[in-house]
2 protein chains.
Amino acid sequence: MAIRYALLGLLTKEPHSGYDLHSTFKTQHIYFWNSTHSQVYQELNKMRDEELVTFETIVQEGSPNKKLYTITPKGEKRLIEWMMEEAIKPAKIKDEFLLRVSAFQAITIDEAIALLERILAREKAILDGTSKWQQEHYGEDGPPNYLHIGSYLTSEFGKRYAKMYVEWCQWALETLESYRT
Amino acid sequence: MAIRYALLGLLTKEPHSGYDLHSTFKTQHIYFWNSTHSQVYQELNKMRDEELVTFETIVQEGSPNKKLYTITPKGEKRLIEWMMEEAIKPAKIKDEFLLRVSAFQAITIDEAIALLERILAREKAILDGTSKWQQEHYGEDGPPNYLHIGSYLTSEFGKRYAKMYVEWCQWALETLESYRT
DNA sequence: AGAATCATGTAAGTTGTTACATGATTCA
DNA sequence: TGAATCATGTAACAACTTACATGATTCT
């Protein structure tokens with residue numbers, strides 16, 4: 001239901017192919033949305049049937065042909081209606097690592113520490129990647145115009161989320177050490 | 001697939017009813033897991049069929065009868081196997097508010113500010129609730145024994161997540177104000 | 001009087017995932 | 001030579017949500 005608004009939102013900036021849209025979920029949108037390529041293609045087909053998007057086939061040399069999707073006025077209207085709904089559903093999170101943490105009582109302290117150290121390394125790498133992405137795209141001053149404000153604000157969220165995750169891991173490791181004695 | 005590990009994890013601490021388990025998702029687990037009561041009951045039935053849990057019917061006066069579920073040795077073994085898997089899937093997040101933020105270019109600055117202010121209030125209330133919950137359950141010193149370490153570590157995550165969300169909202173509001181001129 | 005809490009469940013529908021399917025080009 | 005990237009799609013299955021269904025008690 002909401003996947004379509006994720007796609008429509010990206011299409012308000014410029015036309016994208018299905019492949020592009022999915023790539024964005026895997027890179028920029030990881031902190032607040034996720035999807036698989038098959039779902040993206042299916043949803044784009046539905047939206048084309050409902051005339052929320054149109055596409056144009058781009059013939060390329062060297063890489064396969066692609067379909068460049070553009071949002072229609074009807075699609076824009078629908079997106080804005082959704083953005084203005086009073087009810088904002090709370091976030092739905094499925095974090096398998098934190099689920100493991102919540103069951104740490106079932107394993108030993110050493111096993112728990114080993115798991116945490118793996119995730120600390122992973123989150124450090126993510127923080128690094130997000131910081132670099134933001135620096136490359138927006139530098140110190142933020143986006144040059146309002147068109148990219150959304151992307152800038154959410155990239156900052158991603159950076160803060162990763163930083164919080166890293167610091168929490170470090171705190172959790174210290175806390176676990178103190179339970180060893 | 002993973003909902004069962006969420007349930008099994010809680011059952012390693014003590015027996016719970018389906019209602020209890022679902023309540024926990026709505027309160028303590030909101031930062032890393034979510035589910036509906038219907039899914040909880042369905043999964044408990046499946047796990048009973050697979051002998052991962054057993055239950056006992058508790059007859060109550062004043063409130064309806066309930067089924068108290070207990071984890072079996074087979075269930076514990078299955079949980080630990082899952083916790084020790086090398087691959088830890090990245091978190092899957094569906095945050096409709098941040099999805100709206102990512103499309104802020106489609107609405108006016110005033111509308112964007114109004115949305116952010118609503119969420120700031122919501123997140124402040126959540127931070128407050130999480131802080132109080134942690135204080136009431138663990139005070140200043142943390143859990144008295146290793147049995148509650150998981151719950152303590154994840155409640156701290158929840159607190160830090162809410163704090164980060166509040167601070168990000170405040171930063172985003174300032175940033176938006178600066179784009180008005 | 002109406003809403004919230006406790007308590008469990010089924011049925012129908014929607015959403016999302018995994019596997020299957022293809023194939024050229026580029027990088028290591 | 002094998003993996004990664006670009007590029008799109010379908011089919012089958014699993015996961016998840018919403019609506020329906022009931023009903024006593026307690027709080028406002």
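Just so we're on the same page: letters track the sequence lines, and every chain starts at 1. In what follows, every heavy atom counts, from backbone to side chain, and hydrogens, waters and symmetry copies are set aside.
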May I ask you to decide whether [X] forms a salt bridge with [Y], counting only side-chain N to carboxylate O separations under 4.0 Å?
| X | Y | result |
| --- | --- | --- |
| D110(B) | R180(B) | yes |
| K163(B) | E167(B) | yes |
| E136(B) | K132(B) | no |
| E51(A) | R78(A) | no |
| E50(B) | R4(B) | yes |

Without decimals, in angstroms, what is the distance between [X] [atom1] and [N] [atom2]?
| X | N | atom1 | atom2 | result |
| --- | --- | --- | --- | --- |
| R4(A) | dT14(C) | CZ | P | 12 Å |
| L21(A) | dG9(D) | CG | P | 12 Å |
| L7(A) | dT8(D) | CG | P | 13 Å |
| N45(A) | dG16(C) | CG | C1' | 16 Å |

Subject >> Check: Y19(A) ring centroid to H22(A) ring centroid under 6.0 Å >> reply: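 No, the ring of Y19(A) stays outside the 6.0 Å limit from the ring of H22(A), centre to centre.
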Subject >> Minimum heavy-atom distance I126(A)-A162(A), with the two atoms named >> reply: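 Heavy atoms only, the tightest pair is CG2-CB, 4.4 Å.
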**OP:** Of all the heavy-atom pairs spanning G18(B) and L44(B), show the shortest one and how long it is.
**Re:**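 Looking at all heavy atoms of both residues, the closest pair is CA-CD1, 3.6 Å.
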Original post:
How does protein reach along nucleotides 15-20 of chain D, written 5' to 3' as B (base within reach of a heavy atom under 4.0 Å), S (only sugar-phosphate), or - (no contact)?
Top reply: SSBB--
Sort me out a list of protein N/O and nucleotides 3-7 of chain D N/O pairs below 3.5 Å, or just none if empty.
unit_1, atom_1, unit_2, atom_2, d
dC6(D), OP2, Y19(A), OH, 3.1
dA7(D), OP1, Q60(A), OE1, 3.1
dA7(D), OP1, Q60(A), NE2, 2.6

